[in-house]
Colleague: 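Take a look at this one; I'll ask things after.
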Amino acid sequence: MLKVDQIDVFYGNIQALKGVSLEVNEGEIVTLIGANGAGKSTLLKTLSGLIKPKNGFIQYLGDSIGGKPAQAIVKAGISQVPEGRRVFANMTVEENLELGAFLRKDSKEIHKDIQKVYETFPRLLERRKQLSGTLSGGEQQMLAMGRAVMARPKLLLLDEPSMGLAPLMVKTIFQIIEDINRNGTTILLVEQNAHMALSIANRAYVIETGRVTVSGTAAELQASEEIKKAYLGGH
Ligand code: ATP
């Protein structure tokens with residue numbers, strides 16, 4: 001579905017991604033794990049068209065999308081839930097969900113999808129008229145995910161959904177990621193919480209200072225002594 005081939009990304013003179021290659025197949029949950037500053041967010045921003053790669057190719061469903069504008073990429077079926085969730089604070093929960101569907105014109109279907117989001121996240125239904133800026137961190141994460149799903153993505157990019165959440169909320173969010181995947185959405189999940197990410201992923205890539213250093217099935221990475229030491233707190 002997605003094939004990233006040897007991409008280089010720069011911020012001025014600083015090279016944030018160095019020849020990164022990876023693949024995501026339809027139906028998979030693939031996770032990208034790595035420490036702070038490794039280049040995880042940069043990769044997602046490049047995939048969603050916010051940054052242009054200097055070299056390399058990005059293929060999505062057979063088309064080259066490297067350097068295409070962000071709106072064209074959303075239209076093609078890729079949605080991103082950004083790090084730090086960034087909901088529109090001065091809009092209600094429901095207005096945020098409607099915005100997620102801004103490229104769609106099928107208002108009946110949009111309404112149905114909003115109801116589906118409420119089924120997935122009953123907490124958002126209770127708070128549909130509440131200003132989003134007053135939601136808790138976990139609720140904002142739910143809203144950011146709900147908003148992304150409203151675009152009916154084929155591929156969902158998640159940037160550290162567990163960040164800053166209490167353990168119970170992390171568990172809930174990961175269960176929902178699995179549900180979204182079961183309902184037909186392919187997922188690329190960027191996480192620092194390698195333990196949780198590997199527990200739901202099919203395959204994984206490790207990124208260190210801009211390079212992919214390890215890749216394999218989630219089970220292989222969970223069993224690797226090196227990965228255990230570096231990313232799983234020795235467990
Ligand atoms: P974290 O887990 O801390 O979010 P990350 O793996 O997502 O880290 P990136 O945000 O992709 O890392 O950053 C990769 C590198 O690029 C870092 O060294 C960072 O300082 C640098 N970088 C990121 N954004 C910019 C920018 N706008 N200008 C210059 N350098 C940047």
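Both counts, for ligands and for their atoms, begin at 1 and track the order of listing. All values below were derived from every heavy atom in this structure, side-chain atoms included, with hydrogens, water molecules and symmetry-related copies excluded.
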Colleague: Short N/O distance, under 3.5 Å, between Ile14 and ligand 1?
Modeller: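 Not met; the criterion fails.
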Colleague: Any heavy atom of Gly12 sitting closer than 4.0 Å to ligand 1?
Modeller: no
Colleague: When you measure from atom 9 (P) of ligand 1 to every protein heavy atom, which one gives the shortest distance, and what is it?
Modeller: Thr42 OG1, 3.5 Å
Colleague: When you group the ILVMFWY residues by side-chain heavy-atom contacts below 4.5 Å and let the links chain together, are Met150 and Met142 in the same group?
Modeller: yes
Colleague: Just checking, any donor-acceptor pair under 3.5 angstrom between side chains of Glu28 and Thr186?
Modeller: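 Result is no, nothing qualifies.
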Colleague: Would you check if there is a donor-acceptor pair between the side chains of Tyr11 and Thr42 at a distance under 3.5 Å?
Modeller: yes
Colleague: Determine whether the side chains of Tyr118 and Glu94 contain a donor N or O and an acceptor N or O closer than 3.5 Å.
Modeller: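 Their side chains do contain a donor-acceptor pair, which is all the 3.5 Å distance test asks for.
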Colleague: Do any nitrogen or oxygen atoms of Gly37 come within less than 3.5 Å of a nitrogen or oxygen of ligand 1?
Modeller: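 Yes, there is a polar N/O contact under 3.5 Å.
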Colleague: Could you list which atoms of ligand 1 come closer than 4.0 Å to a heavy atom of Ala16?
Modeller: 16 (O)
Colleague: Which one holds for Lys45 and ligand 1: side chain close, backbone close, both close, or neither close, with close meaning a heavy atom under 4.0 Å?
Modeller: neither
Colleague: Hey, does Gly34 sit under 4.0 Å from ligand 1 if you only count heavy atoms?
Modeller: no
Colleague: Please check if atom CD in Glu178 has more than 12 non-hydrogen atoms from other residues, nucleotides or ligands closer than 6.0 Å.
Modeller: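 Yes, enclosed.
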Colleague: Would you kindly say whether Gln15 and Asp8 are connected by a side-chain donor-acceptor distance under 3.5 Å?
Modeller: yes
Colleague: Judged by modelled atom types alone, do Ser132 and Gln140 share a side-chain donor-acceptor pair under 3.5 Å?
Modeller: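 Per modelled atom types, Ser132 and Gln140 side chains form no pair under 3.5 Å.
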Colleague: When you compare the side chains of Gln59 and Ser64, does any donor N or O come within less than 3.5 Å of an acceptor on the partner?
Modeller: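 Result is no, nothing qualifies.
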Colleague: Using a strict cut-off of 4.0 Å, indicate which atoms of ligand 1 neighbour a heavy atom of Glu83.
Modeller: 4 (O)
Colleague: Which ligand 1 atoms does Ala38 reach within 4.0 Å, using its non-hydrogen atoms?
Modeller: 5 (P), 6 (O), 12 (O)
Colleague: Among all protein non-hydrogen atoms, which one is nearest to atom 3 (O) of ligand 1, and what is the separation to 0.1 Å?
Modeller: Asn36 ND2, 2.7 Å
Colleague: Are any of the protein's heavy atoms under 4.0 angstrom from atom 19 (C) of ligand 1, yes or no?
Modeller: no
Colleague: Does CD in Glu126 sit with more than 12 non-hydrogen atoms of other residues, nucleotides or ligands closer than 6.0 Å?
Modeller: yes
Colleague: Which atoms of ligand 1 sit under 4.0 Å from any heavy atom of Ala35?
Modeller: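 Those of ligand 1 that fall under 4.0 Å from Ala35 are 6 (O).
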Colleague: Determine, stepwise, if the pair Lys45 / Asp159 fulfils salt bridge (Lys or Arg N to Asp or Glu O under 4.0 Å).
Modeller: CA-CA 10 Å; Lys45 284 181 192 152; Asp159 198 351; over 6 Å; no
Colleague: Please report which non-hydrogen protein atom sits nearest to atom 10 (O) of ligand 1, along with the residue it belongs to and the distance in Å to one decimal place.
Modeller: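 Ranked first by proximity to atom 10 (O) of ligand 1 is Ser41 CB, 3.7 Å.
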Colleague: Distance under 4.0 Å to a non-hydrogen atom of Lys40: what atoms of ligand 1 satisfy this?
Modeller: 1 (P), 2 (O), 5 (P), 6 (O), 7 (O), 8 (O), 11 (O), 12 (O)
Colleague: Which residue and non-hydrogen atom of the protein lie closest to atom 23 (C) of ligand 1, and at what distance in Å?
Modeller: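 Scanning the protein heavy atoms, the shortest distance from atom 23 (C) of ligand 1 goes to Tyr11 CE1, 3.2 Å.
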Colleague: Quiz question for you: does at least one protein heavy atom lie closer than 4.0 Å to atom 6 (O) of ligand 1?
Modeller: yes
